[in-house]
Peer 1: 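Mind having a look at this structure? Questions to follow.
The structure presented is a predicted model; accordingly, all values stated were derived computationally and were not measured.
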Amino acid sequence: NLLFGGYSFEARPGSVIQRDATFGAYQIISNGTIQRDLNANVAALDLNGTVGGDVNTTVAGPQEPGIQPFWLAFSGQNLPQALSPGLRVGPTARIAGQLNYASPAEQAAAITIRPEQGVRFTPQPAATSSAPTTPTPQPENQILSWIWPRFRELVTLLLLGGLALWSVPNLFAK
């Protein structure tokens with residue numbers, strides 16, 4: 001089994017996942033083989049490999065704006081290019097089971113093959129984000145946002161240390 005949570009996952013041609021693959025990510029590019037089921041909750045899914053079972057996914061609609069993860073704003077990061085949101089099943093893909101996808105929009109035009117047990121589309125409302133994509137940090141907020149958690153950690157550790165000294169003083173006396 002493969003369990004993945006992150007920004008981007010890419011399975012290259014020739015790669016094999018011997019059981020199920022479960023993803024929670026922004027984008028998945030699957031060009032290898034998954035011998036059983038593929039389960040994913042993603043914004044973008046490109047499937048060009050083989051799935052021996054079912055594909056169960058919740059995917060963003062192709063008209064939704066691409067999500068700009070906050071870590072892409074940092075310079076010097078060598079992250080893969082963000083894919084456009086949506087589901088894409090290429091002509092080299094093979095799905096032995098059923099393709100089940102939930103999305104705000106029907107994406108039949110992006111499915112170029114016929115899965116052996118068919119396709120099932122479940123409409124769902126578009127995801128709304130109340131958080132800004134890349135907030136502009138203020139210098140004083142950056143410092144305070146770093147210091148405050150460190151202060152809370154220090155107080156917590158001091159309290160736990162004091163509690164340990166009070167509850168088992170003989171252990172520390174030795």
Side-chain angles (χ1 to χ4, degrees), residues 1-137 141-142 145:
N1 289 327
L2 170 73
L3 301 171
F4 177 84
Y7 165 64
S8 179
F9 178 86
E10 181 178 0
R12 298 204 171 135
S15 64
V16 177
I17 298 168
Q18 295 179 344
R19 297 182 88 184
D20 298 329
T22 302
F23 301 97
Y26 174 75
Q27 64 187 26
I28 304 298
I29 303 167
S30 181
N31 296 316
T33 298
I34 299 170
Q35 292 184 345
R36 291 197 329 196
D37 294 340
L38 183 154
N39 304 298
N41 189 346
V42 296
L45 174 61
D46 281 5
L47 181 61
N48 297 301
T50 300
V51 178
D54 294 334
V55 174
N56 304 301
T57 185
T58 300
V59 65
Q63 291 80 23
E64 292 184 36
I67 299 170
Q68 179 71 18
F70 75 94
W71 58 81
L72 290 179
F74 296 111
S75 62
Q77 296 297 321
N78 188 18
L79 296 175
Q81 180 69 32
L83 298 176
S84 300
L87 172 67
R88 290 168 290 280
V89 180
T92 59
R94 182 182 170 278
I95 301 171
Q98 185 176 42
L99 170 59
N100 304 302
Y101 73 98
S103 177
E106 204 245 334
Q107 302 181 43
I111 303 169
T112 60
I113 57 127
R114 172 100 175 120
E116 291 180 19
Q117 294 181 14
V119 177
R120 187 178 64 171
F121 165 63
T122 305
Q124 83 171 39
T128 58
S129 175
S130 61
T133 54
T134 1
T136 307
N141 291 344
Q142 283 182 333
S145 68

Peer 1: Check whether any side-chain heavy atom of I111 lies under 4.5 Å from a side-chain heavy atom of Y101, and answer yes or no.
Peer 2: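 Sidechains of Y101 and I111: in contact.
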Peer 1: State, yes or no, whether a side-chain contact exists between V89 and V55 at a heavy-atom distance under 4.5 Å.
Peer 2: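 With C-beta onward as the side chain, the pair stays apart.
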Peer 1: Determine yes or no for a side-chain-to-main-chain donor-acceptor pair under 3.5 angstrom, with N1 supplying the side chain and D20 the backbone.
Peer 2: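 Yes, N1 side chain to D20 backbone: donor-acceptor pair under 3.5 Å.
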Peer 1: Between A44 and P85, which heavy-atom pair has the shortest distance, and what is it?
Peer 2: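 Result for this residue pair: CB-CA, 4.2 Å.
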Peer 1: Rounded to the nearest 0.5 Å, what separates atom OG1 in T57 from atom CD1 in I28?
Peer 2: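 Between atom OG1 of T57 and atom CD1 of I28 there are 8.5 Å.
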Peer 1: What is the distance from atom OG of S30 to atom CD1 of I17, rounded to the nearest 0.5 Å?
Peer 2: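 Between atom OG of S30 and atom CD1 of I17 there are 6.5 Å.
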Peer 1: Please round to the nearest 0.5 Å and tell me the distance separating atom CZ of R114 and atom CG of L99.
Peer 2: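 R114 atom CZ to L99 atom CG measures 10.0 Å (nearest 0.5 Å).
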Peer 1: Between the side chain of N48 and the main-chain N/O of N31, is any donor-acceptor distance below 3.5 Å?
Peer 2: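 No: the side chain of N48 does not pair with the backbone of N31.
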Peer 1: Is there a donor-acceptor pair closer than 3.5 Å between any side-chain N or O of Q27 and the backbone N or O of Q81?
Peer 2: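 Answer holds: yes.
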Peer 1: Kindly give the heavy-atom pair with the smallest separation between F4 and A25, and that separation in Å.
Peer 2: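 In terms of heavy atoms, the two residues are closest at CE2-CB, 3.9 Å.
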Peer 1: Within a radius of less than 6.0 Å around CD of E10, do more than 12 heavy atoms belonging to other residues, nucleotides or ligands occur?
Peer 2: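 Yes.
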Peer 1: For the atom pair CD (Q107) and CZ (R88), what is the distance rounded to the nearest 0.5 Å?
Peer 2: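 With rounding to 0.5 Å, CD (Q107) is 8.0 Å from CZ (R88).
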Peer 1: Would you name the heavy atoms of Q18 and Q35 that are closest together and state the gap between them?
Peer 2: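 Where Q18 meets Q35 most closely, the heavy atoms are O-OE1, 3.1 Å.
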Peer 1: Looking at CZ of R19 and CZ of R36, how far apart are the two atoms once the value is rounded to the nearest 0.5 Å?
Peer 2: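 With rounding to 0.5 Å, CZ (R19) is 4.5 Å from CZ (R36).
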Peer 1: Using the side-chain contact (heavy atoms from CB on, under 4.5 Å) definition, which of the options N56, N39, N41 pairs with T22?
Peer 2: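 Per the side-chain contact (heavy atoms from CB on, under 4.5 Å) rule, the option paired with T22 is N39, out of N56, N39, N41.
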Peer 1: Closest approach of F121 and A105, non-hydrogen atoms and distance?
Peer 2: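 Where F121 meets A105 most closely, the heavy atoms are CE1-O, 3.5 Å.
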Peer 1: May I ask you to decide if the ring planes of F9 and F23 are parallel, tilted or perpendicular, using 30° and 60° as cut-offs?
Peer 2: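 Answer is tilted, since the angle falls between 30° and 60°.
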Peer 1: Which pair of non-hydrogen atoms, one from P104 and one from V59, has the smallest distance, and what is that distance?
Peer 2: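 Distance-wise, the nearest heavy atoms are CD-O, 3.6 Å.
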Peer 1: With rounding to the nearest 0.5 angstrom, report the CG to CG distance, D54 to D37.
Peer 2: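 Interatomic distance, D54 CG to D37 CG, rounded to 0.5 Å: 5.0 Å.
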Peer 1: T33 side chain to V16 main-chain N or O, any donor-acceptor pair under 3.5 Å?
Peer 2: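 Judged by distance alone, no pair lies under 3.5 Å.
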